[in-house]
Asker: 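Got a structure here, written out as structure tokens. Questions coming.
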Amino acid sequence: MARIELNRLAHSYKAHPSKPSDFALKEMTHTWEHGGAYALLGPSGCGKTTLLNIISGLVTPSQGAVLFDGRDVTRLPTEKRNIAQVFQFPVIYDTMTVAQNLAFPLKNRGVDRATIDRRIAEVSRMLGLEREMNRPARGLTADMKQKISLGRGLVRADVGAILFDEPLTVIDPHMKWLLRAQLKRVHEESDVTMIYVTHDQTEALTFADKVVVMYDGEVVQLGTPQELFERPEHTFVGYFIGSPGMNVLPARIEGDRAHVGAAAIPLGAGYAPLGAAVKSEIGIRPEFLRLAAGTDGFSVALKRVEDIGRHKILRCELDGRPLAAIAPEAAEIPADGIRLSADPAHVHVYADGHRVPAAGRA
Amino acid sequence: MDKPLYHRAWFLVLPAFLLVVFNAVVPMMTVVNYSVQDTFGNNQFFWNGIGWYQELLDPSTELGGRFYDSLGRNLLFSAIILAIEVPLGVLVALSMPRAGWRVAACLVLMALPLLVPWNVVGTIWQIFAREDIGLFGYFVNHILGITYNYTSGVFSAWFTIVVMDVWHWTSLIALLSYAGLKSIPDAYYQAAAIDGASRWAVFTTIQLPKLRRVLLIGVLLRFMDSFMIYTEPFVVTGGGPGNSTTILSIDLVKIALGQFDLGKAAAMSIVYNLIILAVCWVFYTVMTQVDAQRPKEG
């Protein structure tokens, strides 16, 4: 029911924005498909909550338009949009029971009693709240309260999208997994678009079909978790997603070779010259670096080895820059200096932070 | 558990104990002492047992009649001012600005009546409401043409002391409520907007429940203050006309200092005190129960 289009959308909290840094949200045009599970991922202050509030109607953007199924809702108040929102801290109506909480949005819209009863019965089953229905909502745990918040969105037949603003912040760690799994299931059972704001990559990657990575007011990549891992479009994505994050090294690019200090690292394809003005870097995920035998690869200085059980993380230095590599748990680490080689297909080239497509192929 | 017992540690309690003794127990016991005896001065005392209490609590006696009358008037006064100040205070808090310089201006203006000393408040209203030279009294009598004289009309007298208390203390409820309203996270209002709640529903389902604690404290404070009020009505009406505004505290002073009936006054003091303690205890119990109902505030 809700395909969300953002058309040349930008927002500034200042009255008269003049320079790009005045914008909390830089101009963007995106389409989010109906029924998808999207995660807005980014560090604190990157504009993800601003974007969410613009979609929900709590903030009116300085420019551009928000369209729900082709209908311009940019200036519509929250209650007129077909959305529901789950906030960081559970919002429940203290004086009501769980059932009354779930019925509240329907009662306000004048839905008849029979429909209300049917809807709250469905939603309580979906959320596993049947046994709590007649309890006062006040005394429940935070995860139950979040479910009630979510339930108030699900009961409404007119809701096309549910927005989540870091909904697991106040939930106990062992409950987070359960709640996330349940959220995923609810998404599959219901037919709503879900947009989930978080700064936790695990939450984003497990919840969403598509992850929208934001950095400094910009959407730097919109893709599946796999795409974010294998082809980060921005050095920030590489650094932010993955543990440890992608190694980003300043490099000089010459055709299909990248030079970092004395080391020459082969690239998957040839690149056109980047020009002198841009900051040229290469990015290699630690997963795609392996210990090289003999004289293959390039030599790095090993600083320390972190054994985290499944594998070992080699903390190295190349040309004075930190570089992490992942070695299998059983790997022998030679004591006298090591050499690493990179999988050329997974070495990406970045100009001013953005990924450069290879000259030969896309 | 093997805890060592040092009984000498009780000495550590001694300073606090002495403070309480001299501060509360000794003065209280003097009053208790008076309340069970009769005296005509010259330090001559006659034992009367619980005689004064029996007389005080028996409505058919002269003293008992007076006591119940003034207690009734006092409760009526408290009920009226609570019924006006609490809703009015909440209403004022709801209409106060939420940000900007107007907040500071509002807060200062509202705090002003609270800073005026009690007998100054009494004097202000005593003059303000006079029919001959008081701005308010003159306006009502000569411009509106309504007979209003707090020294002769019972209704005028009650009206004056009620309005005076409302003027003096509504700010307290308003400020408490304002603080309570400010502490409600924005997410509640946003969620209510998404749920399509009307302004009235927002008030009854979010604001009022969240204000419950501060309002409980506000009601307690206002009840206590109005139940113990003395100076302001004394300055304005002196308990008159007749006995129509003679509330407990005024009556007590009349008995103790006017008639010099120390035994009766002492017995009345003790009962007055016990009523206040009982009300305090009820409020305390209610408040702790409210706290127990919401173990974790989310």
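We name chains A, B, ... by the order of the sequence lines, and we start the count at 1 in each one.
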Asker: Taking every heavy-atom pair that is under 4.5 Å apart, which of A:L58, A:I83, A:T95 has the most such pairs with chain B?
Answerer: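 Going by pairs under 4.5 Å, I would pick A:L58.
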Asker: Decide if the gap between the ring center of B:Y188 and the ring center of A:F87 is smaller than 6.0 angstrom.
Answerer: no
Asker: For the pair A:Y196 and A:E203, evaluate side-chain hydrogen bond (donor to acceptor under 3.5 Å, both in side chains) and give the outcome as yes or no after the intermediate values.
Answerer: CA-CA 9 Å; A:Y196 189 108; A:E203 267 179 35; 2.9 Å; yes
Asker: Show, in sequence, the C-alpha distance, side-chain angles and deciding distance for A:D72 and A:T74, and conclude whether the side-chain hydrogen bond (donor to acceptor under 3.5 Å, both in side chains) test is met.
Answerer: CA-CA 6 Å; A:D72 188 340; A:T74 318; 2.5 Å; yes
Asker: Enumerate donor-acceptor pairs with a distance under 3.5 Å from any side-chain N or O in residues 78-89 of chain B to protein atoms, sequence neighbours excluded.
Answerer:
| from | atom 1 | to | atom 2 | distance (Å) |
| --- | --- | --- | --- | --- |
| B:S78 | OG | B:N74 | O | 3.3 |
| B:S78 | OG | B:S226 | OG | 2.9 |
| B:E85 | OE1 | B:R222 | NE | 2.9 |
| B:E85 | OE2 | B:V166 | N | 3.4 |

Asker: Counting only heavy atoms not in A:R109, do more than 12 sit closer than 6.0 Å to its CZ atom?
Answerer: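 Above 12, so yes.
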Asker: Are more than 12 heavy atoms, taken from residues, nucleotides or ligands other than B:Y68, located less than 6.0 Å from that residue's OH atom?
Answerer: yes
Asker: Checking A:R81 against chain B: side chain, backbone, both or neither under 4.5 Å from a heavy atom?
Answerer: neither
Asker: Counting N and O atoms only, with roles assigned by atom type, does the side chain of A:K48 sit under 3.5 Å from a partner on the main chain of A:G42, one being a donor and the other an acceptor?
Answerer: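 Flag set: sc A:K48 to bb A:G42 pair under 3.5 Å.
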Asker: Which residues in residues 194-206 of chain B have a heavy atom less than 4.5 Å from any heavy atom of chain A?
Answerer: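 Checking residues 194-206 of chain B against chain A gives B:I194, B:D195, B:G196, B:A197, B:A201, B:T205, B:I206.
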Asker: What part of A:I92 is in contact with chain B, defined as an atom under 4.5 angstrom from a non-hydrogen atom: side chain, backbone, both or neither?
Answerer: backbone
